[in-house]
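Read the structure below first, then the notes.
By convention in this document, chain letters (A, B, ...) are assigned in the order of the sequence lines, proteins followed by strands, and residues within each chain are numbered from 1.
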Amino acid sequence: MADPAEPALSCAGVIKRYGDVLAVDGLDLEVRRGECFGLLGPNGAGKTTTIEILEGLLAPDAGRVRILGRAWGENDDALRARLGIHLQETQMDEKLSVLETLRLFRSFYPRGRSVDGVLGLLELDGKRASWVGKLSGGQRQRLAVGCALVGDPDLLFLDEPTTGLDPQSRRQLWALLQRYRAEGGTILLTTHYMDEAHVLCDRVAIVDRGRIVTQGSPDELILSIGAPHIVELAFAGREAAGSDHLQERIAALPDVDTVRADVSSESWTVTATALHRTLPALVRVAAEAGVEIETLATRTATLEDVFVALTGHQLRDD
Amino acid sequence: MTDARPVEPRHPFVEMTITRLLILVREPEMIFWVFIFPLLMALALGIAFRSPSETPVAVAVEPGPGAAALVEVLSAQESVEVVSIDAGATGAALRDGLAHVVVAPGDPPTYRYDPTRPESRLARQTVDDLLQRAAGRKDVWAGRNETVIAPGSRYIDWLIPGLLGMNIMGTGMWGIGFTLVVQRTRKLLKRLIATPMRRHQYLAAFVTARLVLLALELVALIGFARLMFDVPIEGSLVSLAAVSLLGAMTFGGIGLLTASRAQTIEGVSGIMNVVMAPMWICSGVFFASSNFPDAMQPFIQALPLTALNDALRGVMLDGNGLLANGPELLVLAAWGAGSFGVALRIFRWR
Ligand SMILES: Nc1ncnc2c1ncn2[C@@H]1O[C@H](COP(=O)(O)OP(=O)(O)OP(=O)(O)O)[C@@H](O)[C@H]1O
Ligand SMILES: [Mg+2]
């Protein structure tokens, strides 16, 4: 075994170019043993490209990668035996059963978990004889994760393991991953669900356009934008709301951090450090300006807000 | 597999071969194209192209004075069958094979027939002889007849090895090439190389599963041909199996090559059709490749399916051993080794 202080995974200066597109633009990363690390970012941020470079499936144009203390190209089969990999878009053979698929993947690993054990862990015992083609989306995703777990990996890579799943299936998968964590496993996952990252990850890196914008624990990151509260409000009537004057006046209020109007100027987002002072002032300013507040809601900041604060654009289009 | 028994790990090669076979047999279309279709083809062609001697000469007589007398003479003969056709339908009757020759009464009678068709020329000759004898012609002498029907000379005997060759080509190309591209488009190949799986074992499992299938194919088609049409196998079964095996490996290699880079199902289907179509036509599946002009022969003889068909016919019809088919087997081996070699070099796992 390698030095336990050494990180499970590290990379530095990784670059990958597709024609004119710089998919990964000088990325540095370090994942400690036993931690769950999340790569967050919008579509096309370069998450899949990054994770596939780390998995040794894609050669970077530049940069250094070390996985469990080794580099790719030294003894790949031995290294692969210790990794569990879930790709974003694999579709297993539809005419094989759940059991047959797991057996097949288990046979590739010199040591690993028992197929029965994994079936239990996935809660797919009742489906062991069903063909993959007859499974629900959530069951297929669990099976895909199961195929990554069956070799009892030290390090698990998951590329968007819960995309497209309903909330219940997502929670089921989260529970599975937390169990793997509890047994000492290390996880690197990508997602564009901020709540998922918050629940699962010890640390996250926010990626945009092939670069890491920031990284840290979810709570740290939220604190780092300096304004834990978000006020979302909408004014009745566009002309009043469109006024720059109003935006400036709100920004000058006590404890207000930033003010952002969406493209149509219909809904506004205000970040604030102390709601009990900001809210009354906000209502007063609106009254003085003669505009009517149509809706007003407050919530605590999320990783999503961190992303918006740091990049100036939304994480997802929906 | 029962639910109670714990699942024991097996060797990856065994596991991969078993799953390949399971996927193959769970594909109903595959069963049809590999097993049923060639049998239907053999059945249809075997019945359609029975040897001419088994069918009587069909003759029609046009209406007119003296027609009744002609019909009477011809009807008395066993070797001809008098058919009636509609007035004015002579051309159509000849074209569709209802009548091989049409006689117009007169002195002398007129024979209407199609000299481009052997059965039509034969019918004219037969009917002419019969009518001349009936009119009083004396034969100078009657030769003694000795009929020799060489074993394996019927069309069906000739056809079966060709169908077998075509089937070996088809299943090799589709079974290996097509399946690989499907797995590539589903990102399954990429998923597999993300495990410690040995790549050569994976390809070897494909080939092994293919060979199991080949054995079943051979038994089905050859067994059917023997039972149904009594098609001979002059050479040894071992030679037949060996030639088929080499053929299956060769076309497996060519299938692998066509699939080594293709990224879409449409792409690989197109390539396969382009590769296979000339061989369906030129390599002597349904009619002899010697029908093509001499200038094309070197090209045709170099095609792998021509070599396979010639070797299969050599074993089944001429009773050849493997050595007698040496040149064909060398052509096959060269194609197989060449395409495997190139395919492994350029194969794309992603
Ligand atoms: N094979 C390829 N050829 C050309 N461009 C590519 C290729 N793969 C990825 N890209 C480009 O690289 C960029 C990063 O893509 P990547 O798949 O890594 O994003 P992602 O963060 O995983 O996105 P998503 O959330 O949609 O999965 C994108 O602009 C994409 O268009
Ligand atoms: Mg992706």
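Counting non-hydrogen atoms of neighbouring residues, nucleotides and ligands closer than 6.0 angstrom, the CZ atom of B:R198 reaches no more than 12 such neighbours. Summarising the local packing, CZ of B:R261 is surrounded by more than 12 heavy atoms from other residues, nucleotides or ligands at distances under 6.0 Å.
For A:E100 and B:R26, the salt-bridge test passes: some basic side-chain N is under 4.0 Å from an acidic carboxylate O. Salt bridge status for A:E52 with B:K190: present, with a side-chain N to carboxylate O gap under 4.0 Å.
Proximity to chain B (any heavy atom under 4.5 Å) is shown, for A:T90, by both the backbone and the side chain. Looking at A:A148, both its backbone and its side chain come within 4.5 Å of chain B, counting heavy atoms on both sides. Heavy-atom distances place the side chain of A:F105, and not its backbone, under 4.5 Å from chain B. There is no contact between A:T101 and chain B, counting heavy-atom distances below 4.5 Å.
Between the NZ atom of B:K187 and the CG atom of A:L87 there is a distance of 9.5 Å, given to the nearest 0.5 Å. Between the OG atom of A:S107 and the CE atom of B:M197 there is a distance of 9.5 Å, given to the nearest 0.5 Å. Between the CD atom of A:E94 and the CD1 atom of B:I23 there is a distance of 10.5 Å, given to the nearest 0.5 Å. Here the CD atom belonging to A:Q91 is positioned 11.5 Å from the CD atom belonging to B:Q183, to the nearest 0.5 angstrom. Atom CD of A:E89 and atom CZ of B:R186 lie 12.0 Å apart (nearest 0.5 Å). Here the CD1 atom belonging to B:I193 is positioned 12.0 Å from the CZ atom belonging to A:F108, to the nearest 0.5 angstrom.
Smallest separation of non-hydrogen atoms from A:D77 and B:P196: O-CB, 3.6 Å.
Listed options A:D76, A:L96, A:L102 were ranked by heavy-atom pairs under 4.5 angstrom with chain B; first place goes to A:L96. The choice from B:L189, B:V14, B:T185, B:T19 that makes the most heavy-atom pairs within less than 4.5 Å of chain A is B:T19. Ranked by heavy-atom pairs shorter than 4.5 Å toward chain B, the options A:L119, A:L104, A:L79 are led by A:L104.
Considering only heavy atoms from C-beta on, A:K95 stays 4.5 Å or farther from B:L22 through its side chain.
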